[in-house]
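These notes concern the structure reproduced below.
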Amino acid sequence: MSEFEPKIIAFLCNWCTYVAADAAGVSRFVQKPNVRAIRVNCSGMVDPSYIVKAFASGADGVLVGGCWPGDCHYISGNIKAMRRAPLLKKLLGEMGVEDLRFRLKWIAASEPSQYAKTINEMTEEIRKLGPFSRKKKSATRSVA
Amino acid sequence: MSKRVGVYICHCGTNIDGMVDVEKISDEIGAQGNDVVVCRHYKYMCSEPGQKLIRDDIVELKLDHVVEASCSPKMHEPTFRTCVSQAGMNQYMFEMVNIREHCSWVTDNRDLATIKAKALVEGGIARVKYHKPLVGSKKPVTPAALVVGGGIAGLTTALKIARSGYKVTIVEKEEIIGGRMAQFDKTFPTLDCAGCTLTPKTSEVGRHPNIEIITKAEIVSVGGFVGNFKVKVRQQPRYVKLDKCTGCGDCQKVCPINVSSQFELGMATRHPISRPFPQAIPNKYSIIRDGAAPCQSACPAGVNVVGYMNLAGLGKFDEALALVRERMPFAASCGRICFHPCESACKRGQMDKPLAVCQTKRFLGDRELSKGVFVHPKKQDERPERIALVGAGPASMSAAYFLALMGFKPVIFEAAPAAGGWLRYGIPEYRLPKDVLLQEVENLASMGVEIHYNTPIGPGRSIDDLMKKEGFSAVFIGVGAQDAMRIPVPGADAAGVHWGVEYLRDSAMGKVPPLAGKRVLVIGGGNVAVDAARTAIRQGPASVMTISLESRQEMPASAWEVEDAEHEGVSFEHRWGVKQILSQGGKVTGIELRAVARVFDEQGRFAPTYHDDQLTTREADVLILAIGQKTNMKFLAPEDGIALTPRGLIQVDADTLSTSRPGVFAGGDCTLGPASFVQAVGKGREAAESIYAHLVHGGLREVTPKEREVPKEITPEERKRAQPIPRQEMPVLAAQERRGAFAEVELGFTEEMAKAEGQRCMSCSLCCQCGECVRACGPVAIDLTQRESIRELDVGAIVVATGIDIFDAKKYPEYGHGKYPDVLTNLEFERLCNAAGPTGGKVVRPSDGKVPQSIVFIQCVGSRDKARGGEYCSKVCCMVSAKQLSIFKHHSHDGKAYVFYIDNRTGGKGYEEFLRRAIEEEGATYIRGRAAKVFEQGGKLVVRGENTLVGGPVEVEADMVVLATGLTAQKDYLNVARALNLATDKNGFFLELHPKLGPVETSLAGIFLAGGCQGPKDIPESVAQGGAAAAEALTLFSMGEVEVEPTVASADRSLCTGCKTCVSMCAYNALSFSEEGKVAVVNEALCQGCGTCAAACPVAALRVQHFLPDQIFAQIEGMLA
Amino acid sequence: MNRLTGAAVEKDFLSRVIEESGQNLLACLQCGKCSGGCPISSDEVAGPRRLIAEILYGNKRQALEDPTWWYCVACGTCMTRCPVEINMYRVATALAEMAEEEKVPPSEPDIHLFEELFLKSVEKYGRANELKVVMNFNLRTHHPFKDMGVGMTLMRKGAINPGEFLKGGRAGERVARIFSRISSKAQRKGTGE
């Protein structure tokens, strides 16, 4: 019996979340091995098309990690990411992507335990939801 | 085009290989072909042999792309980029995959870790094939450094950089450099005197030609990039010129104010002009001022109320009056009639009663009058221009005063027989005696102001004439609002009906209608009505009643005037409006009134409504309708060109007070509507300054930034400063003596009363700008007009050394800090020991000044406490307490020291030995157990805890308790972090690049850390880090240039649709819209590469180099395959 | 003397107490601030810090026989001041329940007796019938007339109703439910509330 192992793509901002992820590694916080991280300069750099591409290419979940509002290295890039998120969630919902599959989370460089916790929680949530399939029309439609 | 990719996977010893099957991945990838020409694995790829593998393959196998799978790119991306470029490959054709921090170190299942690692590598391979060779531009490095913070770390950095021949600017928040070390007495483990080790450094820094120190300054923002930073610095005014001050201290001796000293942690006071200790660098004095006090801000004339009240408090009445005269020409008059908004704003009013400012000013004015002198600021050199002023009321007289001081020749034209305007013909004598006013007018004349009486300006001699025919260079109109406001009331033409303003004027001119035995009714609720009532009551009437629309609280008349009127026998009725005047045979018999429903509407405007069915009548022989004042503009001729507002006031520019005719200015009631005396005086001065600007500078005005106001709420510190003196009661004429005559009601303060009032002032602004120090300063070094200023610096490297603050002991109420005076913190105890401290270096109890016999130290206050403080250990406190008890023992050989500790962390060089000496030689008793509480019993302090080594509770009697409070980040650490874009850890300390290998670097190129701001540490570590940071900066300078990463945005013109969405996205203004091309344009010098614009671009015309959509898409696909 | 062997026994006791009390005892610094302020600690009664030390080192017998958790009055001083926020009362409760289960003879039999009588009274009457509880206690501890003087004064002043000796009220449904719920929970050994 092989358990379903979700595949999660994470876009991590270079200045905060990526550093937190590294620090989590340095501190050896055990995490589920389901996340594949892509380093971006800022959470604001994450084009919605990347997220759609991820789901379309077989990802079961997508995480975007950025700095806390007020602490963005590029001043307000994370605010723009925050503004895009609700609309994106709505669109993804139309595509059959459940609410819990896409997360925008603020994780500071000094919060490696938060990073590890987020990864683990998200993995389990998505494991419960099962694999993402575009063909699954019966997927719950969520209004973001 | 074929691609030749080389893939290298690192074992990293067992760090990666221990959890990830590196060989397996390497074999599988090597076998799959698909552009992968070679795939190798090696134990340590970052080592020289590892790198050689890559370099050799690039050359021999003609690789054009390289993927490295090992640790975090934040660790070694630069290493490998350099490696490939050494072999001739563009460094951006390289991609690094993190399979250590993100994979092997965090996974506990070997199979899953291997699958994940392989997926990550595949992602990297897929992505790298889309990489383009990019070339960054080289920019020169500005060979100058900025050091933020002048403590021991910052000073070390500054000296090392300066000695190497480069310029350094130190920006320090306090008045002096030296930081915390300047507050210490001795340092451990050598027990060197802190000052003796610090002052050679501060002295050298102060003298060094390459170092500039900017004190009282903070960083506002940092722009630019490594090697090319543009820094904005905000400097608070010192009010002392550094090049002139000799440090003699004469200023401090005469300063009347005492405030709590921050440097002495509240254990001593300082004068606002002060120097923390004689060896401070800069060795100059400095004034602390919080801003403009509420009284000064509230005064429409801008009089320095705080200043002159404090001078009066010293008994320096001449100087006090001189300060008044800088803004207010009429002290005796003002002190009688002003509505004193300063008193309403006075913060002392939040404690007991506000200062009696107005009455004190009157005392100053009267005193001068009795001496027959007239004090005013020095007149400037004479100027040829003559200025005409229309009307001799307070506005014009004020303008004339200031114009005369400026050297002009003012000429006032007054239609009435005497000067004063409303002061003469509106305000009754019992408030402002004629001879006082006369004297003040004569003083004006003595300054060279010409006044022509009975000389109206109007038809026959218009303003136009004044300017064109009589050669006046400018005109000021101050005609006031001296006509009575009339309402069309039926029956108002009967005999015995007077209008308020006219009644007052007639009274002033001696044309009094006979009132003996008559019943007088005054209609109105303002000061004119009350003045009319009080004037009438003095003329022997049968009765005087005042009826107003407004209720008692709503009445616009000053409350104290109404009280005085009642005291004199005037009765008041409220909330009645006039319906019609009743008369018989042409003489007034009474008035019919209707009840008022409401006076003010929802917006607070005057719009009375009535209950017309509720009527009543009152009988009267004389009726005075005092319902308002209005302007009389009949004197204006069309050729004057003066425009009026719809309300009938003269239209003026709000800033310059210029009318619609250039060269003609106006102020006072004629522009504001019926206002106040002090507002008129204020406008007079503003107009004079505008006239000066108009005539001398062609209209250009220098705008001095306004001082900020101090907070309006009274602070506990101010309450402590307030002297317990009650407000002086003004002696008044008894009520029965008042009715028959117009003698002055208020009799005036005495010298003692004025002095007492002055001493009640808490000086909310700290420095009150009284000018005593200015007068005492021989070298003329004090400049009270200084304001906040902004400076821009161009530097190549920034070192942040902002230091630490101390934990607030009051968060542990069980220890009694703030409750028991003999419970101190380490730093407060240090100040007691310091020879320049509040007790001159004597360790004595704050409560009674006695030398303590037993001192108990309580360790870990605020440290090692997840619940209430910081979880971390503050590192130095074990040594600090050992040091302090040693100092105490050297002072008091018979004294006894106890220390309640958890552990002794004495890890530095010589530290453990020092501690042993404290225990074995100084005989200190160390009790292992965190103290539970401090309480008082039988007059002694008792500390209770558990003796954990022996077991069981223990109590120790103490004469003094010292709390070893932990080190925290500075309170304003967030401001510094935001200004520089620094990351902080959860305790507020700035985040270093790597805790082991990069303790002074940050993730921001060109910005470094040193000292306590990076984490609690002792002096040797701070000095070491200071040197390390200096080395980082010097490395940049000697490189001479930096390569700017080419990962910036670029716009594809062929795709851009001109929607302009991106332009508003950019936080750096790097995007603009080109009107000619109708496309977005990227300024690469400003672009930081964040990518927010690219993500927002609907057509992907904007992309960030090295983060192209193709690359990201490929990486996603590769990872999920 | 204790010899630590890495055996499961030591770890089991510690993990059991951690689980049942819900407190992370491993965070304890052994700083002693708790015992320093503990009103019932003395030279004889060690106080919370030593109790935790006994648990940390797996000294099960010592911990269960430590009088500290008998004397604890739940004043909360230790918890308020503990830098790692250990709720000592829950630890004491966990130990009390463990001792009861494993039938460890109480180190303070008098206190144990009093608590038993108190709970029995509540179970039967729905409240602590003070007169009966104290009289029973004094009888069983062989001091029948110890508090007679105080008792008389209280009765005279109306603070205690002598009629209670005969009647004393009746426990209601809800009280009975509480007791049955607790005892069945204890039987299921799923304590830790």
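Every chain is numbered from 1, with letters handed out A, B, ... down the list of sequences. No experiment lies behind these values; they were computed from the predicted model shown.
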Distance in Å, [X] [atom1] paired with [Y] [atom2], rounded so as to fall on 0.5 Å steps:
X       : Y       : atom1 : atom2 : value
B:H102  : A:I119  : NE2   : CD1   : 9.0 Å
B:C1090 : A:W15   : SG    : CH2   : 11.5 Å
A:K80   : B:S1064 : NZ    : OG    : 7.5 Å

Please look at [X] and chain B and tell me whether the side chain, the backbone, both or neither of the residue comes under 4.5 angstrom of a heavy atom of that chain.
X      : value
A:Y50  : both
A:S49  : both
A:A108 : neither
A:L12  : side chain
A:C13  : neither

Check: [Y] and [X] side chains under 4.5 Å, non-hydrogen atoms:
X       : Y       : value
A:V26   : B:W105  : yes
A:K53   : B:I1112 : no
B:T1092 : A:R84   : yes
A:K32   : B:L112  : no
B:D108  : A:V30   : yes
B:Q1088 : A:N41   : no
A:F11   : B:I1116 : yes
B:N98   : A:Y18   : yes

Please flag which part of [X] lies under 4.5 Å from any non-hydrogen atom of chain A: side chain, backbone, both or neither.
X       : value
B:N15   : side chain
B:M75   : neither
B:A1096 : both
B:V1104 : side chain
B:S104  : neither
B:L991  : side chain

message: A quick test of your reading: do over 12 heavy atoms of other residues, nucleotides or ligands sit less than 6.0 Å from CD of A:E121?
response: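 Above 12, so yes.
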Atom CZ of B:F225 with >12 non-hydrogen neighbours under 6.0 angstrom: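 More than 12 heavy atoms, drawn from other residues, nucleotides or ligands, come within 6.0 Å of this atom.
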- prompt: Are the charged groups of A:E111 and B:K986 less than 4.0 angstrom apart, N to O?
  reply: no
message: Check this for me, if you would: do B:E77 and A:R39 make a salt bridge, where the nitrogen-to-carboxylate-oxygen distance has to be below 4.0 angstrom?
response: yes
Shortest non-hydrogen contact between [X] and [Y], atoms and distance:
X     : Y       : value
A:G70 : B:R978  : O-NE, 3.0 Å
B:K74 : A:N14   : CE-O, 2.9 Å
A:G44 : B:A1095 : O-CB, 3.2 Å

Counting heavy-atom pairs under 4.5 Å to chain B, which of [options] comes out on top?
options                     : answer
A:I38, A:V35, A:I75         : A:I38
A:A24, A:P33, A:S110        : A:P33
A:A21, A:S76, A:G77         : A:A21
A:A109, A:S27, A:A23, A:A37 : A:A37

If you tally heavy-atom pairs under 4.5 Å against chain A, which of [options] wins?
options                          : value
B:A1094, B:G124, B:G1089, B:A977 : B:G1089
B:E1117, B:H1106, B:M1065        : B:M1065
B:S1003, B:C103, B:A983          : B:S1003
B:A1121, B:P1109, B:P73          : B:P73
B:T1047, B:L1004, B:I115         : B:L1004
B:L974, B:L982, B:L120           : B:L120

